[in-house]
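Structure first, then comments.
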Amino acid sequence: AVSYNTLINAFLKEDNVEEAMKLYAEMVESGCKPSATTYCLFMNKYCKQGQIAKAQRLFEDIIDENLAFDAVTYNILIEGLCKAKLWDEASRLLEDMPKKGLTPDIVTYNAFICNLCEEKKVDQAMNLLEEVRSSGLIPDTVTYTALMEGLCKNGEVEEAVRLLEKMRQHGQDPSVVTYNTLLRGLLKTGKVVEAEKLFAEMVDGCYFPDARTYDIMMHGLANAGKSIETYKLLKELQLKKPMQE
RNA sequence: AACCUUAUCGCAAG
C-alpha cells in the first residue's frame, strides 16, 4: 500500500490526477486496501485545487470506513478550509480533534496562522501565536516566518525584524526562507542598507542563499540604483552556484 | 516503523 501511495503522490505532485486515479483503481482491483494516507493524498490535491467539497467528502469517507486517521488527516483539511477562508468550518474541525483523541500540533496552528497572515489578519495571527504558546506548543520556524511575511505585507517590516530576535530568544533558528522573507520585506520598502546587513548576517551564519535569495537581492539592489552591488552579487552568484530548489 | 499536511508564490502595485 505504501508503494502505491508513493506512486500516487508522485503523480499528484506533477498534476497528473488521471494517472493517480488509475493507480488508485489498480490498487483496489489488486486487493490492496487504500489507507487513510491514500485518501489524504487526494484530499490534499482537492484542497489545493479549491475543490473543498470533494475534499470534505473524502474526509467523511475516511471516518465512515473506519480507517486509521491521525492529526495529519485533520491538518490537511483544516489547511484547505483556511485557504478557502472557511474559518468557522476549520475551527470546528480543530475543536473536534480532542474528541477524537487527537492533539492539534504546531502544523495545525500554523495552517491558521499562515492563512490569517495571507488575509492580512496579522493581529489575529499574533493572538494565535500567544494561544499556541499558552497551550504548551512550541512555535517553530514556519510559524515565525509566516508571521513575518504577514507583518511585511502589512507594512510592519520593523516589527517583522524584531520577531527575528524574538524567535531566537525562544530558541528557534531562522531558515533561508525566513531570511528571504525579511530581505524581501526590507527591500520592498527601500531599506536597502538593512537588507544588505541582514544578507551579510545570513552568510556569516553559514546559511546558503538560494536562487530566490539572489533573485530578491538583485532586484532590490537594482531598484535602488545600486548597479555596482548588483553586479557584484551576480558575479558571486556565478562563482558559487547557489543551492537549486 | 515506512508513504501524506504548514512558511519566502506576488489573484490591488509587476
Side-chain angles (χ1 to χ4, degrees), chain A residues 1-13 20 23 27 32 34-48 50 55 58-59 62 67-85 90 93-94 97 102 104-120 122 125 128-129 132 137 139-153 155 160 163-164 167 172-189 198 202 207 209-217 219-220 222-223 243 245:
Chain A
V2 175
S3 327
Y4 271 113
N5 287 344
T6 307
L7 261 151
I8 290 175
N9 189 28
F11 278 121
L12 289 177
K13 280 230 164 78
L23 264 169
M27 184 178 186
C32 197
S35 63
T37 299
T38 316
Y39 283 84
C40 280
L41 295 172
F42 287 100
M43 195 167 81
N44 186 38
K45 191 69 196 170
Y46 288 139
C47 283
K48 295 278 133 57
L58 282 179
F59 184 81
I62 292 172
L67 297 173
F69 55 85
D70 58 10
V72 174
T73 318
Y74 271 78
N75 288 348
I76 293 170
L77 189 55
I78 287 177
E79 155 69 14
L81 290 168
C82 287
K83 193 135 268 147
K85 298 171 202 168
L93 274 184
L94 175 66
M97 291 179 75
L102 299 173
D105 57 18
I106 189 60
V107 175
T108 318
Y109 285 102
N110 281 349
F112 281 96
I113 291 175
C114 296
N115 288 292
L116 281 170
C117 285
E118 255 153 51
E119 280 302 294
K120 284 203 162 200
V122 195
L128 249 182
L129 174 65
V132 168
L137 283 172
D140 63 8
T141 306
V142 174
T143 318
Y144 288 108
T145 305
L147 285 165
M148 289 174 192
E149 170 72 7
L151 288 168
C152 288
K153 278 197 175 139
L163 243 193
L164 176 62
M167 79 181 278
Q172 293 296 321
D173 289 329
S175 68
V176 174
V177 177
T178 314
Y179 279 111
N180 286 348
T181 304
L182 285 176
L183 287 173
R184 197 174 152 74
L186 288 169
L187 288 168
K188 256 175 40 175
T189 50
L198 194 68
M202 176 181 181
Y207 285 92
D210 61 11
R212 183 156 299 182
T213 314
Y214 282 101
D215 191 51
I216 294 169
M217 287 304 288
H219 274 104
N223 279 340
M243 309 278 120
E245 184 115 340

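Every chain is numbered from 1 and lettered A, B, ... according to where its sequence line falls, protein lines coming before strand lines.
- Residues passing the side chain to side chain donor-acceptor pair (under 3.5 Å) test with A/Lys48, sequence neighbours excluded: A/Asn44.
- A search for salt bridge (charged side-chain N to carboxylate O under 4.0 Å, His left out) contacts involving A/Lys188 returns nothing, not counting sequence neighbours.
- Of the residues in residues 5-13 of chain A, those with a non-hydrogen atom less than 4.0 angstrom from any atom of RNA chain B are A/Asn5, A/Thr6, A/Asn9.
- Put simply, CG on A/Leu41 is 8 Å from P on B/C4, counting in whole angstrom units.
- Atom C1' of nucleotide B/U5 and atom CG of A/Leu93 are separated by 13 Å, given to the nearest angstrom.
- One finds no side-chain N or O of A/Lys83 lying less than 4.0 angstrom from the OP1 or OP2 phosphate oxygen of B/U5.
- Taking the six-membered ring for Trp and the full ring otherwise, the centers of A/Phe59 and A/Tyr74 sit less than 6.0 Å from each other.
- One can find a donor-acceptor pair under 3.5 Å joining the base of B/A7 and the side-chain atoms of A/Ser175.
- Following rounding to the nearest Å, A/Arg212 (CZ) and B/U8 (C1') show an atom-to-atom distance of 6 Å.
- The separation between A/Leu77 atom CG and B/U5 atom C1' is 11 Å, rounded to whole Å.
- In this structure, A/His219 places its NE2 atom 14 Å from C1' of B/C9, rounding to the nearest Å.
- Using a 4.0 Å cut-off, no side-chain N or O of A/Arg184 falls inside it from OP1 or OP2 of B/G10.
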